[in-house]
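In this text the structure is predicted, and so the values were computed from the model without any measurement.
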Amino acid sequence: MKRPKLVDGEIYHIVLRGVEQRQIFLDEADHYRGIFSLFEFNNAKPVSIKDRRKERFRFKKQMARGLTSGNFERTLLVEVLVFVLMPNHIHLLLRQIKPKGISLFIQKLGTGYASYFNRKYKRSGHLFQGRFHAVHIKTDKQLERVLTYIHTNPLAIIEPKWKEKGIRNRARAKHFLKNYRWSSYLDYIGKKNFPSVSERKFLLKTIGGEKRCRDLINQQIDYKGSFYDPEKIGLE
C-alpha cells in the first residue's frame, strides 16, 4: 500500500514493526524504555547522552506524580494522539506539527530504541523494518475507529484470533485492557498512567469524552469482528 504524503496538521495511523516480526519488548524494562522513547524522541532539538539521562530521571519522577508534559522543554515534532506497544510492533496515531515531523520522529524513535535494545541484548543490526506503514485519517468516524482499533490491539496477546472469531471471555478481555499499561487507553478513560506521552483533549472532544471511549472499547469486545481495517479504511 503506497504511503500517503505526510502533511502538517493532518493525522496518520502509523505502524512500526520489528524486523522479521521479532519481538522488540521482552521485559518490563523494555516497555518502560519504549514509553520513555515515545516521549523523549518527540523533540526537534538534539539531546546529549548526559541530558537524556537527566530527562529520563525527571520523566520517572514526573510520571510518579502524574504531571504532564508541560513540565518539560521540548520542541514537538508531532502530537501523539494514541499509542500502544505490542510485543513485536508499535501502533501510533500522530498529528504532524512540524515539516517532516512524523518521519523525523519515527527515525529518532527507531534508532534510539534500537540502540538501547542492541546494547542490552548484545545484538547488532536493524531492529525495525525499513519503512513504517502510514494511513491518512480524514474523518471523525475514522478517528473513532482507529482509536478503538489501536486500544483493543493488546487483546491479541490473550486471544490471538479474536478479530476473526470474536472474544470468548468478554469479562476477561475488558479486565485485561483495564490493566494493560503499555498504551494510552488508561489515560483516555481517566486513569493516570503515562499522561505526558499523549495529547488527548482533541480526540476526547471528538468522540464525546472518557465514557464514550470506554463504551467504544466495550462495544468492540462485544462485537464479532473488527470495526477497523487499516488497509481498507476510508473505502466504505
Side-chain angles (χ1 to χ4, degrees), residues 1 3-16 35 38-39 42 66-70 74-86 89-103 105-106 109 132-155 163 173-174 177-178 180-223 225-236:
M1 190 174 183
R3 182 192 297 174
K5 183 178 180 180
L6 303 176
V7 178
D8 292 357
E10 294 297 301
I11 297 172
Y12 302 87
H13 176 197
I14 304 297
V15 185
L16 187 61
I35 295 294
L38 290 177
F39 176 88
N42 187 13
L67 300 179
T68 65
S69 58
R74 293 183 296 159
T75 301
L76 299 184
L77 295 165
V78 300
E79 287 180 348
V80 178
L81 301 177
V82 181
F83 71 87
V84 68
L85 306 186
M86 294 293 289
H89 64 282
I90 302 170
H91 282 278
L92 302 166
L93 186 64
L94 305 178
R95 187 191 337 236
Q96 181 162 287
I97 58 178
K98 292 286 185 183
K100 299 182 179 180
I102 289 178
S103 295
F105 173 56
I106 297 301
L109 173 65
F132 59 87
H133 182 74
V135 175
H136 188 194
I137 305 301
K138 302 176 183 178
T139 69
D140 288 353
K141 188 63 175 178
Q142 291 174 330
L143 283 172
E144 183 178 289
R145 291 184 177 187
V146 71
L147 176 142
T148 304
Y149 178 84
I150 291 175
H151 282 156
T152 54
N153 230 252
L155 292 175
K163 292 178 185 178
K174 293 172 184 178
L177 287 185
K178 288 178 182 177
Y180 189 79
R181 293 202 64 194
W182 318 117
S183 86
S184 50
Y185 178 56
L186 294 182
D187 291 307
Y188 263 92
I189 60 174
K191 297 182 179 181
K192 285 186 178 180
N193 187 34
F194 300 112
S196 296
V197 177
S198 60
E199 169 53 52
R200 300 172 299 281
K201 290 181 181 179
F202 163 73
L203 259 182
L204 284 172
K205 182 178 180 181
T206 300
I207 66 173
E210 294 173 356
K211 183 179 182 301
R212 174 61 174 159
C213 180
R214 188 182 295 107
D215 289 345
L216 287 170
I217 298 302
N218 290 338
Q219 289 169 17
Q220 176 70 100
I221 290 172
D222 293 336
Y223 177 77
S226 178
F227 284 161
Y228 167 70
D229 182 341
E231 298 291 345
K232 297 180 181 179
I233 193 166
L235 302 180
E236 299 176 0

Heavy-atom pair with the smallest gap, counting every atom of [X] and [Y]:
X: Arg181; Y: Phe194; result: O-CE1, 3.3 Å
X: Leu109; Y: Leu38; result: CD2-CD2, 3.9 Å
X: Leu147; Y: Ile207; result: CD1-CD1, 4.2 Å
X: Ala134; Y: Leu6; result: CB-CD2, 4.4 Å
X: His136; Y: Lys138; result: ND1-CE, 3.4 Å
X: Ile97; Y: Glu79; result: CG2-CG, 4.1 Å

Considering only heavy atoms from C-beta outward, does the side chain of [X] approach that of [Y] to under 4.5 Å?
X: Met86; Y: Ile90; value: no
X: Val146; Y: Val82; value: no
X: Tyr185; Y: Cys213; value: yes
X: His89; Y: Asn153; value: yes

TODO: Could you give me the CA-CA distance, side-chain angles and deciding distance for Leu203 and Leu93, then say whether side-chain contact (heavy atoms from CB on, under 4.5 Å) is met?
DONE: CA-CA 11 Å; Leu203 259 182; Leu93 186 64; 3.8 Å; yes
Task: Side chain Arg200, main chain Ile189, donor-acceptor under 3.5 Å - done: no
- [ ] Measure from the side-chain N and O atoms of Gln142 to the backbone N and O of Thr139, and report whether any donor-acceptor pair falls under 3.5 Å.
- [x] yes
Interatomic spacing from [atom1] in [X] to [atom2] in [Y] - rounded to 0.5 Å:
X: Tyr180; Y: Leu85; atom1: OH; atom2: CG; value: 6.5 Å
X: Asp8; Y: Lys98; atom1: CG; atom2: NZ; value: 9.0 Å
X: Ile102; Y: Lys100; atom1: CD1; atom2: NZ; value: 13.5 Å
X: Ser198; Y: Asn193; atom1: OG; atom2: CG; value: 9.0 Å
X: Leu94; Y: Ile14; atom1: CG; atom2: CD1; value: 5.5 Å
X: Thr206; Y: Asp140; atom1: OG1; atom2: CG; value: 5.5 Å

Task: The single option from Val15, Val84, Leu92 passing side-chain contact (heavy atoms from CB on, under 4.5 Å) against Ile150 - done: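 Considering Val15, Val84, Leu92, a side-chain contact (heavy atoms from CB on, under 4.5 Å) with Ile150 is found only for Val84.
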Within 45° cone of [Y] ring axis and under 6.0 Å: [X] NZ or CZ:
X: Arg95; Y: Tyr12; result: no
X: Arg74; Y: Phe39; result: yes
X: Arg3; Y: Phe132; result: yes

Task: Test item: side-chain donor near acceptor, His151 and Ser184, under 3.5 Å - done: yes
Open item on the list: Test salt bridge (Lys or Arg N to Asp or Glu O under 4.0 Å) on Lys191 and Asp187; report intermediate values, then the result.
Closed with: CA-CA 5 Å; Lys191 297 182 179 181; Asp187 291 307; over 6 Å; no
Open item on the list: Regarding Arg212 and Glu144, does a basic nitrogen lie under 4.0 Å from an acidic carboxylate oxygen?
Closed with: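 A salt bridge is present here (some side-chain N lies under 4.0 Å from a carboxylate O).
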Task: Side-chain ion pair, Asp222 and Lys174, N-O less than 4.0 Å - done: yes
Task: side-chain contact (heavy atoms from CB on, under 4.5 Å) between Tyr188 and Leu216, intermediate numbers included - done: CA-CA 12 Å; Tyr188 263 92; Leu216 287 170; over 6 Å; no
Open item on the list: Does the plane of the ring in Tyr149 sit parallel, tilted or perpendicular to the ring in His91? Use 30° and 60° as the thresholds.
Closed with: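 Rings of Tyr149 and His91: perpendicular, over 60°.
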Task: Working for side-chain contact (heavy atoms from CB on, under 4.5 Å), residues Ile11 and Gln96 - done: CA-CA 7 Å; Ile11 297 172; Gln96 181 162 287; over 6 Å; no
Open item on the list: Is there a side-chain contact (heavy atoms from CB on, under 4.5 Å) between Ile217 and Gln219? Walk through the geometry before answering.
Closed with: CA-CA 5 Å; Ile217 298 302; Gln219 289 169 17; over 6 Å; no
